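Reminder, nothing fancy here: chain letters follow the sequence lines and each chain counts from 1. Computed from a predicted structure; not experimentally measured.
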Amino acid sequence: MKVSEYFIFSLKEAPKDAESKSHFILTKGGYIKKLASGIYDFTPLGFKVLKKIEDVIREEMIRINCYEVRLPIMTPSELWKETGRWDVYGKELIRFKDRNEREFCLAPTHEEIITDLVRFFVNSWRNLPFSLFQIGPKFRDEARPRFGIIRAREFIMKDAYSFDRDEEEAENTYWKFYRAYERIFERLNIDVIPVEAAVGAIGGKFSHEFIFLTDYGEDKVMECEKCHFISKKEIASFFVDVDKLMGELMREAQNQNKAPKKKVHTPATTTVEKLAEFLNIPTSKIIKSFFIKTQRGNYALCLVRGDRQVSEDKLAQYIGENFELADESEVKSIFGAGKGFIGPLRYRGRIIVDRTVLYCKDGVAGADEDDFHYINVVPMRDFPVKEIADISLAEEGDICPKCKSGNLREKKGLELGHVFYLGTKYSEPMELTYTDKDKTKKYVVMGCYGIGVSRVLASLVEKFGDERGVAFPPEIAPFKVHIIPVNIKDEIIAETTFKIYSEIKDVSLLDDRDDISPGEKFADCDLWGAPIKIVVGKLLKDKGKIEIINRLTGERKEVEAEKVKEEVEKYLNAKNE
RNA sequence: CGGGGCAUAGCUCAGGGGCGAGAGCGUUGGCCUUGGGAGCCAAAGGUCGCCGGUUCAAAUCCGGCUGCCCCGACCA
């Protein structure tokens, strides 16, 4: 491709609001242009990279017998009402009406749509299993679009859906996709870490996110600084030596000299902070109690150390269902006190004790009486410790649950892919069934698998970009070679340049503009992403040589014009094997 | 959704009740130059976001709206 014949441009001044590296480079290099908040045009250059990424994904999907479809983005509300998501999705769903006042939305994801397609076709066990995918736009009216295409309102996603006959078959399919994802990201040269994701109680059995570590991520992850184990912060575990702590507590509980619990007046200490300040003790001495009501209507009292935060995801996972905090009147009628003053000392129902509470050897807990707490509270002595669970958020400095020695550090990550075992979450409400060999009707077992394609592009720029521009790895670079004739008006340079270009035309971008300075050409070369830079200039005049620079490694070679094609091929083949 | 900010040329921005509304970059024409966005000459290019108000007079002051940006909340 010749620059003079292409639609390609760059900006001298990138907009100041470009916050992340990828936003800056992609805008400055003319890959994308903002149309509205969180909505972007892709230019031929940007679209070219996007398609390379899509091609890698497409190949790997086809490799696992996943078939490509094209689903509408304008979708009728009826389908969303079948699963209840019309109401569950809030303002993020872009809704509108057609001329007949029928409600529609722009699809943010396609579970309902694909399930509708599939139920039209599937009747028998003979039709199963199979999986389908598509690559296309998704619409989510994000409250705050950010970092260019990292968090956009319209973005490109690959979404796949699997349909199996039973759980076992579906699990196998899940892991098949999981492995395909590993291959995809490896081929894309992007380092992702598969981490278990929160599924809540409704999601099903498994879910993994493929996380790319970057400051522009929106997910918090905990990483062990020693063994580099990574987990999402919401569900990250951390090491607590429960046996040792229980042994210590046991001795404390039996120690006759230990001060007995004592009721003290603590007026208006409705929060942990106020209580700690009032008693002049660290928050870590307080045993925080909160009372929950589960989806099935059961109650439980949960205890967490005062300086710790409960993880709603971990707690939901632990009890196996969703829950909410019991309301004030329920708490009052069961404990006889308001929320800030309840404790485990008299409660006879289910008590879930977070492991961090085991550190409290003379703690403070609510007295079940407004404006009163007990001090010198010893777990096991003063209340039963039967159910020990891991329900608090991991924090910086906690011990890694895997190697049990390194410290956890909080980092930011960006979700590039997500695999989800759905079970019958959609097939049940939407009546996607088949008749099995035994003539009984069964629900199809589903999974869904997404990759944020445009977000992968941004991540690649985050990884391979610098202040001046970006050099993509050959497999995804828009052009593999960027040819710069320093002065194309010079006949010798022009002749040599066009000769080289004719030999490697298919993979090259030739900057044949004759009206701009060399500096401008070099600047654009930095921006336009080719991993190989070929310069035809004074070296040709002086020594008859061409300069080849590998922008990814910085390696520089001087070769004769006749050898350029060979050199380029050598490099590309080495990278591709 | 809460808090804050911005809106003037294609881009980045200056100006601040009245005078022909400005700069740099970009664009067009001419010249010069060719190893890191170089230089000279000339020209084109504006609903000063929209609606209303105050005023003899509004791009400028006031109010509303819209859009965009930032912080936070939210983000199967």
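- Look at B/G36: it lacks any Watson-Crick or wobble partner with both distances under 3.5 angstrom.
- The separation between A/E312 atom CD and B/C74 atom P is 10 Å, rounded to whole Å.
- Atom CD1 of A/I516 and atom P of B/G39 are 14 Å apart (whole Å).
- In this structure, A/K33 reaches neither bases nor backbone, as no heavy-atom distance under 4.0 Å exists between it and the strands shown.
- With a cut-off of 3.5 Å on both Watson-Crick or G-U wobble distances, the partner of B/G22 is given as B/C13.
- In terms of polar N and O atoms assigned as donor or acceptor, the side chain of A/K489 comes within less than 3.5 Å of the base of B/U33 in a complementary pairing.
- Under the Watson-Crick and G-U wobble criteria, each requiring two contacts below 3.5 Å, nucleotide B/C1 is paired to B/G72.
- Checking B/A73, B/C71, B/G37 against every side-chain atom of A/A143, the shortest atom distance belongs to B/A73.
- Within 4.0 Å (heavy atoms only), A/E547 reaches at least one base atom of the nucleic acid.
- Atoms CG (A/D313) and C1' (B/C75) sit 13 Å apart, rounded to a whole Å.
- A/L539 comes within contact range of at least one nucleobase, with a heavy-atom separation under 4.0 Å.
- Nucleotides B/G22 and B/C48 have their C1' atoms positioned 12 Å apart, rounded to a whole Å.
- Scanning atom types as modelled, no donor and acceptor separated by under 3.5 angstrom connect the side chain of A/R144 and the base of B/C75.
- Looking only at side-chain heavy atoms (C-beta outward), A/S162 and A/M446 stay at 4.5 Å or farther from each other.
- Separation of the C1' atoms belonging to B/G26 and B/U12 is 11 Å when rounded to the nearest angstrom.
- On a pure distance criterion of 3.5 Å, no polar donor-acceptor pair joins the side chain of A/K541 and the base of B/G35.
- Atom pair A/I493:CD1 and B/G35:P shows a separation of 9 Å (rounding to whole Å applied).
- Remark: the backbone N or O of A/L393 is paired with a side-chain donor or acceptor of A/R308 at under 3.5 angstrom.
- Note on ring orientation: taking the six-membered ring where Trp is involved, the planes of A/H208 and A/Y174 are tilted (angle from 30° to 60°).
- Set against B/A76, B/C75, B/C71, the side chain of A/E19 has B/C71 as its closest nucleotide.
- Here, B/U47 and B/A21 have their C1' atoms 14 Å apart, quoted to the whole Å.
- Remark: the A/R468 side chain and the B/G37 base include no donor-acceptor N/O pair separated by less than 3.5 Å.
- Heavy atoms of A/L527 sit under 4.0 angstrom from at least one base atom.
- Atom-to-atom, NE2 of A/H482 to C1' of B/G36 comes out at 12 Å; the value is rounded to the nearest Å.
- Taking the six-membered ring for Trp and thresholds of 30 and 60 degrees, A/Y501 and A/F498 have ring planes more than 60 degrees apart, a perpendicular arrangement.
- Taking the six-membered ring for Trp and the full ring otherwise, the centers of A/F210 and A/F185 sit less than 6.0 Å from each other.
- In this structure, A/K48 satisfies the cation-pi test against A/F479, with its NZ or CZ atom closer than 6.0 Å to the six-membered ring centre and inside 45 degrees of the ring normal.
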Discussion item. Determine whether A/K293 and A/D327 satisfy the following criterion, salt bridge (Lys or Arg N to Asp or Glu O under 4.0 Å), listing intermediate values before the conclusion.
Written reply: CA-CA 9 Å; A/K293 183 181 185 179; A/D327 59 46; over 6 Å; no
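- Closest to the side chain of A/S37, out of B/C68, B/G37, B/G35, is B/C68.
- Contact annotation: A/K12 side-chain N/O to B/C25 OP1/OP2 distance is not under 4.0 Å.
- Nearest nucleotide to the A/E142 side chain, out of B/G35, B/C68, B/C75: B/C75.
- Taking side-chain N and O atoms only, A/R146 has no distance below 4.0 Å to OP1 or OP2 of B/C75.
- When each of A/L11 and A/E218 is assigned the nucleotide of RNA chain B bearing its nearest heavy atom, the one mapping closer to the 5' terminus is A/L11.
- Side chain of A/N487, nearest nucleotide from B/U34, B/A76, B/G36: B/U34.
- When the nucleotides B/G37, B/C68, B/G36 are ranked by their closest atom to the side chain of A/K533, B/G36 comes out on top.
- Between the P atoms of B/C61 and B/C69, the separation comes to 24 Å (whole Å).
- Evaluation of atom-type donor-acceptor distances gives no pair under 3.5 Å for the side chain of A/E13 against the base of B/G26.
- A/F147 has its CZ atom 14 Å from the C1' atom of B/C75, to the nearest Å.
- Base pairing annotation: B/A43 forms a Watson-Crick or G-U wobble pair with B/U27, both donor-acceptor distances under 3.5 Å.
- For A/K538 against B/G36, a side-chain-to-base donor-acceptor contact under 3.5 Å is absent.
- Summarising the base pairing, B/G67 is matched to B/C6 through a Watson-Crick or G-U wobble pair whose two defining distances lie under 3.5 Å.
- In this structure, the nucleotide among B/C68, B/A76, B/C25 sitting nearest to the side chain of A/A36 is B/C68.
- The distance from atom OH of A/Y40 to atom P of B/C69 is 7 Å, rounded to the nearest whole Å.
- The listed nucleotides are B/C69, B/C70, B/C75; the one nearest the side chain of A/K34 is B/C69.
- If you find the closest nucleotide of RNA chain B to A/Y89 and to A/D524, the one lying nearer the 5' end belongs to A/D524.
- Applying the 3.5 Å distance criterion, the base of B/C74 shares a donor-acceptor pair with the side chain of A/R151.
- Heavy atoms of A/V535 sit under 4.0 angstrom from at least one base atom.
- Only the P atoms considered, B/G18 is 10 Å distant from B/A59, to the nearest whole Å.
- Side chain to side chain, A/S131 and A/Y161 fail the donor-acceptor criterion of an N or O pair below 3.5 Å.
- Between A/I549 atom CD1 and B/G36 atom C1' there is a gap of 12 Å when expressed in whole angstrom units.
- Aromatic rings of A/F47 and A/F42 (six-membered ring for Trp) have centroids beyond the 6.0 Å cut-off, not under it.
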